[in-house]
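Comments concern the structure below.
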Amino acid sequence: MRLHAEPTAQPTIAAGAASFCRTREVGAVLSNYPVDFIGGGWDDFKAETRHARFLGAMPFETLRENLGTYLAAVSLNPNVELSVHDRVFFALGASTVPIFDADSFSRENFPRLSRFSFAQDADSIAAAVEAVLDDPAAAHAATSATLAETYPRLSMQRSVQEICEISTQMAGFAGASLMPSLPSPAGVWNPSKAAE
C-alpha cells in the first residue's frame, strides 16, 4: 500500500512540510514508510529510503484534487496549541486520514483521531503512522465520524462567518472603513476589557 498523489497508483500517505527542524525529524521517521513527500527540501532523504517517493513541489490545487487517493496525509503544525493546520480539514473533507501534531485543540475536538496524532518524539510519530497502516478501515471510520461530528461547527464557512463578525464588530458593518495598515479600534479584540 502507498500514499501518493497519482490517481492511478495505489495510495498510502502524503506528507507536506512545516518548520525546518521539525520537518527533518518527522521526515526521518516517515521515510521508513510508503510515503510520498510533496514539496521541496527533501533531497537529503532520497538516498536514505527505499519506501518513500519524492514528488517535489506541486500546485496546491493538484494536491487537493489528489488528496482523496491517499490513505492518509501527514500535516505538521508545531508549537500551536489552539488549532490544527487547514490541511487536516482538507484531509477530513477528502476522506483521507489526517496524521498531525497533537495539541489541546485536537484532543478536545478530534478525540477519535488521537491514535493518528503525534507528540514531539519519533516513537509517537511512528505509532501514529502504524496505527493507520495496521487498521485502515478503523482509521477511515474514525475520520468519517470526526467529519460528521465537527461539520459545520469547524468548517471554513464558519471561519469566514467569524471573520465577518469580527470585521462587523470593528467597523460597525462588514468591511466598512477597515484598512489593513491601520491599528484595530480599542477594545475590539478584548471587548470585556474595553467595557471596564
Side-chain angles (χ1 to χ4, degrees), residues 1-19 21-39 42 44-55 58 63-78 80-81 83-151 154:
M1 193 183 291
R2 287 205 68 71
L3 297 178
H4 66 83
E6 293 179 11
T8 57
Q10 289 194 317
T12 305
I13 299 173
S19 70
C21 290
R22 182 73 170 141
T23 300
R24 314 283 0 119
E25 178 183 36
V26 174
V29 174
L30 294 177
S31 67
N32 296 309
Y33 296 96
V35 173
D36 282 349
F37 285 87
I38 299 169
W42 300 107
D44 54 322
F45 288 115
K46 288 183 181 179
E48 300 173 14
T49 181
R50 292 174 290 145
H51 304 288
R53 296 185 315 166
F54 300 85
L55 303 182
M58 69 175 62
L63 173 62
R64 190 188 61 199
E65 289 170 8
N66 291 297
L67 194 54
T69 67
Y70 287 94
L71 169 61
V74 179
S75 180
L76 307 178
N77 200 23
V80 173
E81 207 38 47
S83 68
V84 294
H85 198 283
D86 62 350
R87 288 185 300 253
V88 172
F89 293 101
F90 281 107
L92 284 171
S95 298
T96 297
V97 181
I99 301 173
F100 54 94
D101 290 283
D103 64 17
S104 61
F105 178 87
S106 67
R107 285 187 289 276
E108 178 182 336
N109 291 287
F110 305 141
R112 293 178 190 270
L113 300 178
S114 63
R115 292 174 294 164
F116 319 121
S117 63
F118 50 87
Q120 298 295 317
D121 62 289
D123 290 341
S124 72
I125 299 164
V129 172
E130 289 173 12
V132 174
L133 295 176
D134 288 347
D135 194 349
H140 271 122
T143 299
S144 178
T146 298
L147 179 61
E149 291 166 359
T150 59
Y151 184 83
L154 297 177

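Nothing fancy with the numbering, it's 1 onward along the sequence.
Nearest heavy atoms, H140 versus L71: CE1-CD1, 3.4 Å. In plain terms, the two heavy atoms of A142 and F116 that are nearest each other are CB-CE1, 3.9 Å. Minimum heavy-atom separation, A52 to F37: CB-CE1, 3.5 Å. For the pair L113 and P98, the tightest heavy-atom approach, listed with the atom from each and the gap, is CD1-CG, 3.8 Å. The nearest pair of heavy atoms linking N32 to H51 is O-CD2, 3.4 Å. The two residues V29 and A126 have their closest heavy-atom pair at CG1-N, 3.7 Å.
A donor-acceptor pair is defined here as one N or O able to donate and one able to accept, closer than 3.5 Å; such a pair exists between the side chain of E81 and the backbone of S104. No donor-acceptor pair closer than 3.5 Å links the side chain of T143 to the backbone N or O of L92. Looking at S106, its side chain does come within 3.5 Å of a backbone N or O of D103 through a donor-acceptor pair. Proximity of a side-chain donor or acceptor of S117 to a complementary backbone N or O of A102 within less than 3.5 Å is not detected.
In this structure, V74 and L30 have side chains that are in contact, with non-hydrogen atoms separated by less than 4.5 Å.
Atom CG of L67 and atom OG1 of T96 lie 4.0 Å apart (nearest 0.5 Å). Rounding to the nearest 0.5 Å places CZ of R115 at 11.5 Å from CD1 of I99. A distance of 4.0 Å separates CD of E149 from CZ of R112, quoted to the nearest 0.5 Å. In this structure, L63 CG and I38 CD1 are separated by 4.5 Å, a value rounded to the nearest 0.5 Å.
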Run the side-chain contact (heavy atoms from CB on, under 4.5 Å) test on Q120 and D101 for me, step by step, so that the C-alpha distance in whole Å, both residues' side-chain angles and the decisive distance to 0.1 Å come before the verdict.
CA-CA 8 Å; Q120 298 295 317; D101 290 283; 4.2 Å; yes
Step-by-step side-chain contact (heavy atoms from CB on, under 4.5 Å) determination, F118 to V26
CA-CA 10 Å; F118 50 87; V26 174; 4.3 Å; yes
Test log, rule side-chain contact (heavy atoms from CB on, under 4.5 Å), inputs D121 and S124
CA-CA 6 Å; D121 62 289; S124 72; 3.1 Å; yes
What do the steps show when you test H85 against L76 for side-chain contact (heavy atoms from CB on, under 4.5 Å), and what is the final call?
CA-CA 7 Å; H85 198 283; L76 307 178; over 6 Å; no
Side-chain donor-acceptor contacts of residues 130-138 below 3.5 Å, not counting sequence neighbours, with atom names and distances?
from, atom 1, to, atom 2, distance (Å)
E130, OE2, Y33, OH, 2.4
D135, OD1, A138, N, 3.2

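With sequence neighbours excluded, the residues that form a ring pair (Phe, Tyr, Trp, His ring centres under 6.0 Å) with F110 are F89, F105.
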